[in-house]
Every structure is written in structure tokens, then in C-alpha cells.
K.L.:
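There's a structure below that I have some questions on.
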Amino acid sequence: GRHTRWERRHRDGSSWEYGNKHRKYNKAMARLERQEREARAKAARHYEGDRRDPRYRERLAEIDRRYDHKRDKVERNLRND
């Protein structure tokens, strides 16, 4: 597979060293970025990209708020670990 046996054995261990934390952070942020992009694309399709539509603008604002909140949560969780 993609991982060596050592990596597999140690990946989920309690070795919360900085590198692993950093990797988890980057992975979570990348995931949120992708999801936010997809949410925006979906809204654009739904409202045919018409920025004059107040519902479309409200939806984009909602997406902004939601993903800001999720990013905050990722940062809080990593600080608390």
C-alpha cells in the first residue's frame, strides 16, 4: 500500500509531536478549503451566479460564516490537544 508498516503502526498512536499536529492542521484546512469551494460552486449553480440575487449573496455570506467558524474550531482543537 501507500504506507510502510511503521507508518501504519505509528500513525494513530499518541505521538502528538509537532509534525503530526502540523500535518493534521494542514489536512483539515485543505479539506475545509475544498468544501468551501464546492459549496460556493453549488450556490453559483443554484442561483446561476447572479450576484444581484439577494438570496445568493446571503448564501455566500452564510458559507463565509460557516467556514470561518469551522476554521476557528480546528485551531481551537489543535491548541487544546
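Predicted model, so just to flag it, every value in this text is computed and none were measured. The figures here come from the full heavy-atom set of this structure, side chains too, leaving out hydrogens, waters and symmetry mates.
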K.L.:
Salt bridge check, Asp50 against Arg55: does any charged N sit closer than 4.0 Å to a carboxylate O?
P.N.:
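Salt bridge between Arg55 and Asp50, a charged N being under 4.0 Å from a carboxylate O: no.
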K.L.:
Passes salt bridge (Lys or Arg N to Asp or Glu O under 4.0 Å), Glu38 versus Arg34? Steps please.
P.N.:
CA-CA 6 Å; Glu38 287 169 358; Arg34 191 195 69 237; 3.6 Å; yes
K.L.:
For the residue pair Ile63 and Ala43, what are the closest heavy atoms and their distance?
P.N.:
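Closest heavy-atom pair between Ile63 and Ala43: CD1-CB, 4.3 Å.
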K.L.:
Ignoring hydrogens and geometry beyond distance, is a side-chain donor-acceptor pair present between Glu75 and Tyr25 at under 3.5 Å?
P.N.:
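Indeed, the side chains of Glu75 and Tyr25 share at least one donor-acceptor pair under 3.5 Å.
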K.L.:
At what distance, to the nearest 0.5 angstrom, does CG of Leu32 lie from NZ of Lys27?
P.N.:
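Going from the CG atom of Leu32 to the NZ atom of Lys27 covers 12.5 Å.
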K.L.:
Mark yes when over 12 heavy atoms from residues, nucleotides or ligands other than Arg52 sit less than 6.0 Å from its CZ; otherwise mark no.
P.N.:
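Result for CZ/Arg52: open.
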K.L.:
What distance do Tyr56 atom OH and Glu48 atom CD have between them, rounded to the nearest 0.5 Å?
P.N.:
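That separation rounds to 11.0 Å.
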K.L.:
Can you establish whether the number of heavy atoms outside Arg65 located under 6.0 Å from its atom CZ is more than 12?
P.N.:
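Enclosed: over 12 neighbouring heavy atoms sit under 6.0 Å from CZ of Arg65.
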K.L.:
Report yes if the side chains of Asp64 and Glu36 come closer than 4.5 Å at any heavy-atom pair, otherwise no.
P.N.:
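A side-chain contact exists here, since the closest heavy-atom pair is under 4.5 Å.
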K.L.:
With the threshold set at 4.0 Å, does a side-chain nitrogen-carboxylate oxygen contact exist between Arg66 and Glu62?
P.N.:
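Yes, charged N to carboxylate O under 4.0 Å.
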K.L.:
Rounded to the nearest 0.5 Å, how far does CE of Met29 lie from CG of Leu78?
P.N.:
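Rounded to the nearest 0.5 Å, the CG-CE separation comes to 8.0 Å.
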K.L.:
Of all heavy-atom pairs between Tyr47 and Arg59, which one has the smallest distance, and what is that distance?
P.N.:
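For Tyr47 and Arg59, the tightest heavy-atom pair comes out as CE1-CB, 4.1 Å.
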K.L.:
Looking at every heavy atom in both Gln35 and Lys70, which two are closest together, and how far apart are they?
P.N.:
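Minimum heavy-atom contact is OE1-NZ, 4.4 Å.
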